[in-house]
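Each remark here refers to the structure printed beneath this line.
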Amino acid sequence: MSNIKNETEFIMKKYNIKANKSLGQNFLINDRVVEEIIENSEITKNDLIIEIGPGLGTLTKDLLEQAGKVVCIELDKRMINILEDRFSLYNNFELINQDVLKVNLHQLIKKEKETGNITHAKIVANLPYYITTPIIMKLLEDELDLESITVMIQKEVAERLIAIPGEKDTGAITYSVFYYSEASKIMEVSNNSFIPEPNVTSEVIKLNIRKNKIIEVVDKEMMFKIIKSAFMQRRKTLLNALVNTKVFSNKEEGTNILNDLGLDINIRAEKLNLNNFADITNEIYKLKNN
Ligand code: SAM
């Protein structure tokens, strides 16, 4: 019989907690999944762990045992009482009752690195699925001083995040994740590993943040705008999608650029790798700045 399942049911009963679906509350009750998340996070006493959405504290306990410092960010006030009751005796525990999207993570990491003996910051979370993408994008695009991000998310989203750009199952977000990190799948997690059971299968993934840039591009923001434009109309050819969204001034300009880069003018966005988008960006940049 699972220990965490018993513990979760006990805590929910004690505090009279019903999961709030609109906050994406699916509490993890599978011991093996907890072990895998903790193990793959590769935590040391010099680590700051930021846990997003600790909920009842299922992952928090192990994080506190292994990390130098754990900062939990939880939106639901009801969880705050529970977490304080459970963990206030740990002197490496801090709790922020906020929407994670509103927290200044730059400042938080900087402060922790300046004080104590923290050398690395890592994210560990069983994320609320209704805001998975905004959270991951914030963590990556803000270029936080992070080592890794280990998260449980919806399987369908996970597959898109860890796909290789230019291969299958990609979306605009695949390129961002690839640009900022090396992504890998840790494990698939079935619905019955949670109370209540979500409607979807889950997956734990790990993003190791890249230390060095993998491509040369004159304007990174411009490149990601172009990628988003290309995928907004992904059923069209890349040429048409980029003409329609005014990335290319007209078809002739677009055709010339694709020809110059040796790309088929009938190619679709999902066939391009990150380098291809960097090349297109560099060409457009040259045209605009000449
Ligand atoms: N970590 C717990 C576990 O594994 O059982 C709970 C995970 S549950 C999938 C997601 C948690 O994120 C919930 O506790 C929920 O209240 C919290 N949450 C939802 N939206 C949030 C937000 N915007 N900022 C911070 N936490 C949020």
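Count residues from 1 along the sequence.
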Original post:
Within the distance-only criterion (no hydrogens, no angle test), does the side chain of R234 pair as donor or acceptor with the backbone N or O of A172 below 3.5 angstrom?
Top reply: no
Original post:
Going through the distances and angles, do F93 and C72 end up as a side chain to side chain contact (heavy atoms under 4.5 Å, CB included)?
Top reply: CA-CA 8 Å; F93 173 61; C72 291; 3.8 Å; yes
Original post:
Between Q233 and T245, is any side-chain donor less than 3.5 angstrom from a side-chain acceptor?
Top reply: no
**OP:** Decide side chain to side chain contact (heavy atoms under 4.5 Å, CB included) for K111 and Q107; before the verdict, give the C-alpha distance in whole Å, the side-chain angles of both, and the deciding distance to 0.1 Å.
**Re:** CA-CA 6 Å; K111 190 188 99 196; Q107 217 173 42; over 6 Å; no
Original post:
So among N208, V124, L144, L207, which one has a side chain to side chain contact (heavy atoms under 4.5 Å, CB included) with I149?
Top reply: L207
Original post:
Cut-off 3.5 Å, side chains only: do Y15 and D85 have a donor facing an acceptor?
Top reply: yes
**OP:** Kindly give the heavy-atom pair with the smallest separation between I215 and A278, and that separation in Å.
**Re:** CD1-CB, 3.8 Å
Subject >> Reference residue S193; test side-chain hydrogen bond (donor to acceptor under 3.5 Å, both in side chains); the match among N30, N126, D31 >> reply: N30
Subject >> Over all atoms of both residues, closest heavy-atom pair of T170 and A163 >> reply: CG2-CB, 4.0 Å
Subject >> Test item: K122 side-chain N/O and E42 main-chain N/O as donor-acceptor pair under 3.5 Å >> reply: yes
Original post:
Does the pair R235/E270 count as a salt bridge with the N-to-O cut at 4.0 Å?
Top reply: no
Subject >> Steps toward side chain to side chain contact (heavy atoms under 4.5 Å, CB included) verdict (L75, V100) >> reply: CA-CA 8 Å; L75 186 57; V100 65; over 6 Å; no
**OP:** Look at E65 together with K61 and state whether they make a salt bridge at an N to O cut-off of under 4.0 Å.
**Re:** no
Subject >> Qualifying ring-ring contact (aromatic ring centres under 6.0 Å, His included) pairs, either residue in residues 211-241, two or more places apart >> reply: Y175-F231, Y179-F224
Original post:
Of the options E159, Q154, R160, which is the one that meets E156 in a side chain to side chain contact (heavy atoms under 4.5 Å, CB included)?
Top reply: Q154
Original post:
Side chain of K69, backbone of I118: donor and acceptor closer than 3.5 Å?
Top reply: no
Original post:
Any idea which heavy atoms bring V247 and E253 closest together, and the distance?
Top reply: O-OE2, 4.2 Å
Original post:
Does N282 use its side chain to pair, donor to acceptor, with the backbone of V218 at less than 3.5 Å?
Top reply: yes
Original post:
Do you see a donor-acceptor pair shorter than 3.5 Å between the side chains of E141 and Y180?
Top reply: no
**OP:** State the CG-CG distance between L272 and L238, to the nearest 0.5 angstrom.
**Re:** 5.5 Å
**OP:** Please name the residue in the list T132, L28, L59, N26 that meets the side chain to side chain contact (heavy atoms under 4.5 Å, CB included) test with M152.
**Re:** L28
Original post:
Under 3.5 Å, is there a donor-acceptor pair between the side chain of N92 and the main chain of A67?
Top reply: yes
Original post:
Of all heavy-atom pairs between G57 and F87, which one has the smallest distance, and what is that distance?
Top reply: O-CZ, 3.6 Å
Original post:
T255 and side chain to side chain contact (heavy atoms under 4.5 Å, CB included): which partner among V243, L239, N250?
Top reply: L239
Subject >> Electrostatic pair E114-K110, nearest N-O below 4.0 angstrom >> reply: yes
Original post:
Are more than 12 heavy atoms from other residues, nucleotides or ligands located less than 6.0 Å from atom NZ of K113?
Top reply: yes
**OP:** For I135 and V151, run side chain to side chain contact (heavy atoms under 4.5 Å, CB included): C-alpha distance rounded to whole Å, both residues' side-chain angles, the deciding distance at 0.1 Å, then the answer.
**Re:** CA-CA 11 Å; I135 293 176; V151 282; over 6 Å; no
Original post:
Nearest heavy-atom pair of I50 and I109: which atoms, and what distance?
Top reply: CD1-CG1, 3.9 Å
Original post:
Rounded to the nearest 0.5 Å, how far does NZ of K271 lie from CG of N276?
Top reply: 12.5 Å
Original post:
Taking all non-hydrogen atoms of both residues, which atom of A125 and which atom of I52 are closest, and how far apart?
Top reply: CB-O, 3.4 Å
Original post:
Would you find a donor on one side and an acceptor on the other, under 3.5 Å apart, between the side chain of D47 and the backbone of G68?
Top reply: no
